[in-house]
Amino acid sequence: MAKVVRTNTGAKEQAAQPVLSEAEVARRVEALLGRMSLEEKIGQLTQLGGASFMPKPNLEDVIRKGGAGSILWLNDTKQFNALQKIAVEESPSKTPLLFALDVIHGYRTIFPVPLAMASSWDPSVAERAQAVAAKEARAAGLHWTFGPMLDIARDARWGRIVEGAGEDPCLGAAMAAAQVRGFQGPFLGAPDHIVACAKHFAGYGAADGGRDYDPVYLPEGRLRNVYFPPFEAAVKAGVGTFMSAYMDLNDVPASGNRFLLSDVLRGEWGFKGFVVSDAFAVGNLVTQGFARDGGDAAFRALSAGVNMDMASNTYPQHLAGLVEDGTLKLADIDAAVRPILAIKVRMGLFEQPYIDESKLAQVVALPENQKEARLAAQRSMVLLKNEGRLLPLAKSLRKVAVIGPLADSKEATEGSWMVFGHTPAAVTVVEGIRAKLPGAKVEYAPGPAIRRDITWLFGDVMSEAKPVQTPEQAEAAFQTAVATARNADVIVMVLGENADMAGEAASRASFDMPGGQEELLKAVVALGKPVVLVLLNGRPLSIGWATENVPAILEAWEPGSEGGHAVADILFGDVNPGGKLPVTFPRKASHAPLYYARNLTHSPESSPMYRSRYWDGPTTPLYPFGFGLSYTTFSITNLKVAAPQVKVGSSVAVTADVTNTGLVVGDEVVQLYIHQKAGSDSRPMRELKGFERLTLKPGETKTVTFPLGPAELGYWSTNAGKWVQEAETFDIWVGADSLATLHADLEVIL
Ligand code: BGC
C-alpha cells in the first residue's frame, strides 16, 4: 500500500515517499494493540454518527472510554479538535479518531458530479478535482472520505447513477484509479490528502428494477467482467479502505458476504486496508432477513470481512460477548483492528492529531481551486445537438432570455451529494451568462417550480426546502416565462432535475423532465425563436421531443460551483465542448437497463426481425454511449493493427489517425472497441478497451495507439469457470462513439 504512485495532481513537489516503512507501521500497530483492552479494540471497530438528527449516545463519554474509532456526519473543525482532544488525552490507549465524511465531488469548491467528470473521458480531470477536494477537506479536519463511488450503473432509474462513472468497466476503472490518486496523493498519509474509500462493494448499481437498495442478482461472469474492474483498479491504485454495500448480492447481503470481502477483495486482490460497512448495514443484516439477531449480525459481518461498523452500534453491543462465549477469537478482533490502526499511524495522527483552525480559511475556495472546478465543468459537458451551428452564440447578442426552474438554482448547479453542512454557493447559469454578456439584457424567468413529492432523511438534511406552488401560481409562472422568452433574440432553457432527484433513495420510474418542464419548452419553442436547451441533471432523461424540435442541446449535468461560468464559456464559444456520454441515453425509462455492451442475439440489429423487439417503438438509444459533438469536425482514419495475428499472452498495437477537419481547435475522444466473435462464452457485441482525449488544431492530425493484450482480450468465462484468453477472431473498431464503423479483424492464435 505504501507503493509510490506518480501523479500529475497538484501534489507536484511533495515527498513521493511515505515517511514510515511497512515494518515500522506494523511494529507500532502491535505496540498499540498490546496496550488495548478488548473494549478499546472493539471501539476501534466502531464508527459513530455525529449528526444532530441522530439519537446520540453522549459522544464525549463514549470517546473518553475508547469506544469509538471514527466519527462520521460531523463537519465542524472546532468540534473535531475538541473530540480529538478527548480521544488522545483521556481515552485509555490515547488513540486518535478518524473523522470521515462523504466528500464526493468537492468539499467547499464543488466539482461536477462524478457522472459528469466521467463525461470528460479525461481521468486527469477527476484526479485533480479530488486532489483539491482532499486539500480542502483535510484543512477542515477530515481524514477520510466515502468516495469514490465505483458502482457500474446500467439502469438510470437507479438514482445513484449520478455518483459513479456510468455504465462501462473500462472508463469506470480509469476514473476509479484517478480518483484514488487524487484523494490520497502519492501515498497514504501524504500531506494535504485524505484516505479514499472504494464503495459500494459490490453490484449495488444492478438493483432490481433500478429501485434503490433492492436485491441484486449478478452471475459471477458479469460481476467479474463488468462490476469488479473499477474496484480492482482502486486496489491497484492503493486505496486505503472499502465500503461494503447494503443490498443482497445473489441472496447474500454484501455486508455479510465472505465471497466479496474475503475471497475476492483480500484473497485475490491482496487488499491490505480495512472495510467499513455502509451506514447501519451491520445491524440491518437482521432487518434484511439474514442474521437472526444483533449478535449473529455482528458475527457474520466481522467474519465475512467488515472491519468497522458504520453507525449501527452492533459491534460495540455484541462483539465482546461473542469473544467471551468463544464464538469469535481475540485474534479475529485483533485482525480486524490492525488495518484501522495502520491507517491512523500512516496518516500521522499520533504525531499531529489536531488541525489548525485557521487553515481552512486559507485553503478553501481559493481562486486556483475555482479555476480547476471551472475547467472540470467545461471538460465534462456534452454537446448532444447543434443543428445549423446555432452554437456558439454571438457575444454581440443584446437580448437573451434564460428560462427554467434550474437556471438560477445554486443547489441544482452544485448537484447531488452535498457535503453535510455545506451551503450551495454556485455560479448559476443565469449568473454565468450575465457575467459573459455584461452589456446585454439578460432576463430570467423560472417558470413553474419543480420538486420531488417523496423526500428522504438525508435529503431533508442536505437540501433546501422547495416551494409548493398552487396550480394558479404555477400557471402564472408559466405565462411569465413565455412572455419573457417572447422578448428575447435567443432563449436559453435550463431544464432537468433538482439535485435531490438523483442520488441515494432517488430512483425514478420515469425519465421525463419532472413537473411541467416539457410543456414550457414546447410553448417557448412555439415562439419560433432560436432556442438552446441546457440540461442540468444527474441521469439520462427522455429528451426525444427536444431532440426532434430544439436545435441545440448541451448536457451540462450537475456542473458544480463554477458550473454557470462553464456553461456560458461553452454557449458563447470561449470553450469548445469535447465531453462524451458515459451512459447510453434510452428513449424512455421502460427501456432500462439499456447499455451498449449487450450480447448479440439470434436476431441481430441488422435483421428485419430486430425491428419487432418492441412493437410500440424503437429499442435503439436516443444517444449512444460515447457520443458527443464539437464545434469542429473530426475524421478518424487509417486504422491499423500492427500484425494480423497475435499470440495468446502477447500484445499488439492498434493505431488510427484523427484529424481536425473543421475550423476551430477542439477535442476528440478516440475510442477502441472489440468483439470476440466466438469462444467458450458469448461475448458483448462491443466492449470499450481504450480511449484517449486529444486536442487538435484545425487541419492537425495525430496518431493514437492502443495496446491490445491479455488484459483487454481475456475475460472470466462462465463456461470455463475461470479467466481465459482464447485463440479466436476479434472485431476491432476505432471511432468517436460506440457506433464506430472503422473496422479491422484480429486473430488471436496459440
Ligand atoms: C450511503 C453511503 C454513504 C453513507 C455515509 C449511506 O447512506 O449509502 O454511500 O457513504 O451513507 O454517509
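Counting begins at 1 with the first residue of the sequence. In each ligand, atom 1 is the first atom listed, and ligand 1 is the first ligand listed. Since we're looking at a predicted model, the values are computed, not measured.
Of the residues listed (Val583, Leu594, Thr584, Leu581), the one engaging Pro540 in a side chain to side chain contact (heavy atoms under 4.5 Å, CB included) is Val583, and it is the only one.
In this structure, Phe280 has no heavy atom closer than 4.0 Å to ligand 1. Heavy-atom distances between Arg160 and ligand 1 reach below 4.0 Å in at least one pair.
In summary, Arg138 and Asp192 do not engage in a salt bridge, as defined by a charged side-chain N under 4.0 Å from a carboxylate O. Using a 4.0 Å cut-off between charged side-chain N and carboxylate O, Asp76 and Lys78 make no salt bridge.
When atom types are taken as modelled, the side chain of Ser244 and the backbone of Phe201 share no donor-acceptor pair closer than 3.5 angstrom. Here the side chain of Thr109 pairs no donor or acceptor atom with the backbone of Asn369 at under 3.5 angstrom.
The proximity of Gln47 to ligand 1, defined as any non-hydrogen pair under 4.0 Å, does not occur for either the backbone or the side chain. Counting heavy atoms closer than 4.0 Å to ligand 1, residue Met149 contributes nothing at all.
For a threshold of 3.5 Å applied to N or O pairs, the pair formed by Asp278 and ligand 1 contains at least one separation below that value. Ligand 1 has no nitrogen or oxygen under 3.5 angstrom from a nitrogen or oxygen of Trp417.
Of the protein's heavy atoms, Asp102 OD1, 3.2 Å lies nearest to atom 3 (C) of ligand 1.
Interface atoms of ligand 1 facing His200, defined by a heavy-atom separation under 4.0 Å, are 2 (C), 8 (O), 9 (O). With ligand atoms numbered from 1 in the order given, ligand 1 contributes 2 (C), 3 (C), 9 (O), 10 (O) to contacts under 4.0 Å with heavy atoms of Lys199.
Heavy-atom minimum distance, Ala68 versus Ile63: CB-CG1, 4.3 Å.
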